[in-house]
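Only heavy atoms go into these numbers, but all of them, side chains included; no hydrogens, no water, no symmetry mates. Small disclaimer: the values here were computed from a predicted structure and weren't measured.
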Amino acid sequence: MATHADRGTTGGGIGWVCAHGGAGATTFSRALGGVDIGTRWPDVTRGEPGRFLLVARTHAAGLQGASRALEAVRTGRHPAGIELMALVLVADAPGRLPLGLAQRVRVVGSAVRSFRVPWIPSWRMGRPVEKPPKEITDIAAFIQTWMPVPERSS
């Protein structure tokens, strides 16, 4: 169920959790670093990062998965020692969302710090992004604010 990407310099201390299969945790862990946890909660007893970003697609099933996971976090139905940093909503197709999905995105996205990521054609083909969209650089900057500052030796 879970796969673990190599820890990157940007987000080695964070995990990526899928709200549903195919949400994009593997892609984000490769692009921004961190650990691809898969579709389960991080397990800090196994050395996985306790801080994580929840990833979901913007289709109906993806938004339902995100809602279920956010409700579990809100009500404390998750393992001890983990902390949701943000929700990352990834476009499930190019173009605008239908009105019903756009409304659901607003509701789900209002529950926690959220990022919307547009459709990225090169990711569909398994290729890296030559020039990341602003939304990706915003997520990378956000992750940096959560990373511990290394101590300097005198």
Item to check | Considering all heavy atoms, the nearest Ala56-Ala66 contact | outcome: CB-CB, 3.8 Å

Checklist entry - What's the spacing between His20 NE2 and Gln64 CD if we round to 0.5 Å? => result 10.0 Å

Item to check | Residue pair Thr39 / Val17, side-chain heavy-atom distance below 4.5 Å | outcome: no

Checklist entry - Taking the side chain from Arg57 and the backbone from Ala91, do they hold a donor-acceptor pair closer than 3.5 Å? => result yes

Checklist entry - Below 4.5 Å, heavy atoms only, C-beta onward: do Leu84 and Leu70 meet side chain to side chain? => result yes

Item to check | Backbone of Arg51 reached by a side-chain donor or acceptor of Glu83 within 3.5 Å | outcome: no

Checklist outcome for this item: Between the CZ atom in Arg74 and the OG atom in Ser67, the distance rounded to the nearest 0.5 Å is 11.5 Å

Checklist entry - In terms of the angle between their ring planes, are Trp16 and Phe28 parallel, tilted or perpendicular, with boundaries placed at 30° and 60°? => result parallel

Next on the checklist: Go through it in stages, so that I can follow the logic: the residues are Met85 and Ile14, the test is side chain to side chain contact (heavy atoms under 4.5 Å, CB included), and I'd like the CA-CA distance, side-chain angles, deciding distance and then a yes or no.
Outcome noted: CA-CA 9 Å; Met85 296 167 55; Ile14 58 104; 3.5 Å; yes

Checklist entry - Is any side-chain heavy atom of Pro121 closer than 4.5 Å to a side-chain heavy atom of Trp123? => result no

Checklist entry - For Pro49 and Gly13, which heavy atoms make the closest approach, and how far apart are they? => result CB-O, 3.4 Å

Checklist outcome for this item: Here the pair of heavy atoms bringing His59 nearest to Leu101 is C-CD2, 4.1 Å

Item to check | Contact check, side chains of Ile37 and Phe52, non-hydrogen atoms, under 4.5 Å | outcome: no

Next on the checklist: Count I, L, V, M, F, W, Y as connected when their side-chain heavy atoms are under 4.5 Å apart, and connections chain through other members. Are Ile136 and Val129 then in the same cluster?
Outcome noted: yes

Item to check | Pair Arg68 + Glu71: basic N to acidic O under 4.0 Å | outcome: no

Checklist entry - Nearest heavy-atom pair of Ile82 and His78: which atoms, and what distance? => result CG1-ND1, 3.5 Å

Next on the checklist: Between Ile120 and Pro133, is there a side-chain heavy-atom distance shorter than 4.5 Å?
Outcome noted: yes

Checklist entry - Does a side chain donor of either Arg116 or Thr58 reach within less than 3.5 Å of an acceptor in the other side chain? => result no

Checklist entry - Mind checking what makes side chain to side chain contact (heavy atoms under 4.5 Å, CB included) contact with Ala102, not counting sequence neighbours? => result Leu97, Arg106

Checklist entry - Can you list the residues that meet the side chain to side chain donor-acceptor pair (under 3.5 Å) rule with Lys131, with sequence neighbours excluded? => result none

Item to check | Heavy-atom side-chain contact between Ile139 and Leu53 under 4.5 Å | outcome: yes

Next on the checklist: Show the nearest heavy-atom pair for residues Pro132 and Thr137, with the distance to one decimal.
Outcome noted: CB-CG2, 4.3 Å

Next on the checklist: For Arg113, give me all partners under side chain to side chain contact (heavy atoms under 4.5 Å, CB included), at least two apart in sequence or on another chain.
Outcome noted: Ala86, Phe115, Phe142

Checklist entry - Do Val105 and Leu89 have side chains that get closer than 4.5 Å, going by heavy atoms? => result yes

Checklist entry - Looking at Pro128 and Ser122, what are the two nearest heavy atoms and their distance? => result O-OG, 3.6 Å

